[in-house]
There are 2 protein chains.
Amino acid sequence: MKKTSLNDIAQHLGVSKTLVSFVLNGRGKEFRISDEICKKVMDAAKEMNYQPNRIAQGLRTGKTNTIGLIIADIANPFFGKLGREIEQEAASNGYSVIFCSSDENPEKSKQQISMLQQNQVDGYIISPPMNSESQIRALSKGKTPFVLIDRYFPEIESNYIVVDNFDAAYQATNHLLKLGRKKIANITVNLDLVNMKARTEGYQKALIDFGLEVDKNLVKVLPFSHENNDITRAIIELVGCKDDLKADAILFSTSKLGLNGIECISALGLKIPDDIAVVSFDNADAYKICVSPVTVVAQPLQEIGKKAVNILLDKINSPDDIPKFQQYTLKTEFIVRKSCGS
Amino acid sequence: MKKTSLNDIAQHLGVSKTLVSFVLNGRGKEFRISDEICKKVMDAAKEMNYQPNRIAQGLRTGKTNTIGLIIADIANPFFGKLGREIEQEAASNGYSVIFCSSDENPEKSKQQISMLQQNQVDGYIISPPMNSESQIRALSKGKTPFVLIDRYFPEIESNYIVVDNFDAAYQATNHLLKLGRKKIANITVNLDLVNMKARTEGYQKALIDFGLEVDKNLVKVLPFSHENNDITRAIIELVGCKDDLKADAILFSTSKLGLNGIECISALGLKIPDDIAVVSFDNADAYKICVSPVTVVAQPLQEIGKKAVNILLDKINSPDDIPKFQQYTLKTEFIVRKSCGS
DNA sequence: ATTAATTACTAAATCGATTTAGCTAAAATA
DNA sequence: TATTTTAGCTAAATCGATTTAGTAATTAAT
């Protein structure tokens, strides 16, 4: 029971495959195929369960109706939710998506871009890891469009959709300051990513505007693939001895850090928010059921996902337009819960 | 700057594309291409940044090196982690994966299977929703192999990898019983899925073996796409009035239920484990930082993912073997934390 | 010296669609 | 009546690979 091809239908009806193709593409009228034959073809297609071979179509037309997605890690709920939005928007436009997790590793992302290229994807949505500038630059030279998400490279012109990280961190820090916290720490990863850099800058600016000095010892930068040990160590360093805490609040720059961090804080016997207040980027489900539910900076994941796909499809469908880059910086939502006290 | 094809290399060197194809497939020796020419071809390929067109290869060879994955929801961390394992194992075997979230909706999964079919995937890994038997049966008739995960249909012969849900639920319930809980409830979804059914059956068997009666009022079955309201209502029904609790423990059959459930329990002012003990399937990150960290049934996601891919690739690579179905029922891990008291 | 074998390569078919160019018969127009 | 138009369809090229079946030139075997 092998698959039915255009040719099979053509032979079955004793007509040319050209005709069958016309009809099945809904262009029967345009090519003056008689209604009678049109009907026969469509009936036969249904009856023989014809499924067009998209691979063959892709080869002929140069369009695969597939987009490639590269994110850090699909198992991370932040990217999981984002991926879901992208998948959904893509599907509703007739596109499939190939998912790739780069682990923030530029070797991997290079490899993945190459694979997607070979698969002739019509476009890419990429959350580019550190040190992948050359890959993105190479993509720019080609004619397949791409949209960057979550971060971008200021020195490379491109389409991107990000969030106002500076402002978000400023707001979050300010919230802590207004509640009387004075020794606010920041735990973050890889400062070389613009998004992370902006978060720490926003945090620092808020301190300065409040008339406080920025204490470099209160900023802890962990490697991306941190272990819980790393966080525990960072927190112990921040906290010092229990009776004379060096920090009275922590701004976590990602939910992965925050989740692990809160685990460590509990393990150390510290209470949130009494001993230490906590704010985190990204509205992880876990934050709702924490010992004290965590105040967070929530990103508009649905908007990011939809916009990324729509911009990409625009570019795909009008490849000859002068490449005017679409760049969006969306606002975040600050959700106050109990982790900062009141 | 358009892409380089085999032909481009051939013309550039003044040789046939047959030769170029042989060389680049590493079959130069086999076809007695002189070392000198081999080298020239490989150098040219590198220099011209040749990327084989996998679409064209796919059309000719009938193999796309792509597998289709259908799960309930990639944004759900359980499936996110599973998807990640599958992606990883596939990638290390040179396969790409197209992700599809079915939302447990058979209409969607039907549509997705059809799309994957059109994309000529070499195989499927599917977590089939309720009422999708006909789709799976249709797949069986075709020659593209597939592996079911998380659940399967007993009445359809197929490859599958699941977990011993009955045993896991039995263990979990027994754990509660041994800690003195007598009024143990079960909150679950869609009993028509074998995995969910087995969980409730294991729960009931444990009660019976312990000499207790099964109280049907203590089993709450929610629709898959439940709202928090549904859970709140279920929990209120289970709990009754605070001073005379109808239930003193809950076994949640999924982490989505558990997470929402715990949120509701907190909102109702009940304390875990004092007022009510909790055990849940699936080791969500959130469970580690709960008010009282949650005792869980953890599934071997890496093993499931790897096995699914490996079985699938086996079937893909030896399509002529008599179809002997591979069926695995893996053991879960029971992780005791604080949510059941002691 | 003739035939057979080996070496080093190439032409052309093929996969399953799309699409351009063109063909035939009937109808319309001059 | 001769010519053009139109309706209704088809042949063949094409996309970029793989693969079968050869070919021509050289070397080896008889």
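Basis for what follows: all heavy atoms, side chains included, without hydrogens, waters or symmetry-related copies.
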Say whether B:Gln51 and B:Thr4, considering side chains only, have a donor N or O and an acceptor N or O under 3.5 Å apart.
no
Regarding B:Gln135 and B:Ser109, do their side chains bring together a donor and an acceptor under 3.5 Å, going by distance alone?
yes
Residues in residues 33-50 of chain A with a heavy atom under 4.0 Å of DNA chain D, by number, are A:Ile33, A:Ser34, A:Ile37
Test applied, ring-ring contact (aromatic ring centres under 6.0 Å, His included); reference residue, B:Tyr152; option that passes from B:Tyr160, B:Phe146, B:Tyr328
B:Tyr160
Does any non-hydrogen side-chain atom of B:Leu6 lie less than 4.5 Å from one of B:Leu24?
yes
Contacts of A:Lys108 that satisfy side-chain hydrogen bond (donor to acceptor under 3.5 Å, both in side chains) - sequence neighbours left out
A:Asp103
Between protein and nucleic acid, restricted to nucleotides 4-6 of chain C and to nitrogen or oxygen atoms under 3.5 Å apart, what atom pairs and distances do you find?
none

We want to know whether B:Ser96 and A:Asn119 form a side-chain donor-acceptor pair, criterion being a heavy-atom distance below 3.5 angstrom.
yes
Among A:Leu312, A:Val309, A:Thr66, A:Ile316, the one residue meeting side chain to side chain contact (heavy atoms under 4.5 Å, CB included) with A:Tyr95:
A:Ile316
Which is more 5' along DNA chain C, the nucleotide nearest B:Phe31 or the one nearest B:Arg60? Just name the residue.
B:Phe31
Students should find this one: the first and last nucleotides of DNA chain D, 5' to 3', lying under 4.0 Å from a heavy atom of chain A. What are they?
D:dA7 to D:dG16
Of all the heavy-atom pairs spanning B:Ala72 and B:Phe79, show the shortest one and how long it is.
CB-CE1, 3.5 Å
Heavy-atom closest pair, residues A:Asp73 and B:Arg84:
OD1-NH1, 2.8 Å
I'd like to know if B:Asp43 pairs up with B:Lys39 as an ion pair, taking the criterion as any Lys NZ or Arg NE/NH1/NH2 lying under 4.0 Å from an Asp or Glu carboxylate oxygen.
yes
Check whether any side-chain heavy atom of A:Ile149 lies under 4.5 Å from a side-chain heavy atom of A:Ile125, and answer yes or no.
yes
Residues from residues 18-28 of chain B sitting under 4.0 Å of DNA chain D, heavy atoms only?
B:Thr18, B:Ser21, B:Phe22, B:Asn25, B:Arg27
Is there a donor in the side chain of A:Asn195 and an acceptor in the side chain of A:Asp150, or the other way round, less than 3.5 Å apart?
yes
Note the angle between the end axes of the helix from C:dA1-D:dT30 to C:dA30-D:dT1, five pairs defining each, rounded to 10 degrees.
70°
Residue pair B:Ser140, B:Glu157: steps toward the side-chain hydrogen bond (donor to acceptor under 3.5 Å, both in side chains) verdict:
CA-CA 8 Å; B:Ser140 306; B:Glu157 275 220 302; over 6 Å; no
Establish, from distance only, whether the side-chain atoms of A:Thr64 and A:Arg54 form a donor-acceptor pair under 3.5 Å.
no
Pairing of A:Lys3 and A:Asp8 as salt bridge, 4.0 angstrom limit
no
Between B:Leu6 and A:Val15, which has a closest nucleotide on DNA chain D that is more 5'?
A:Val15
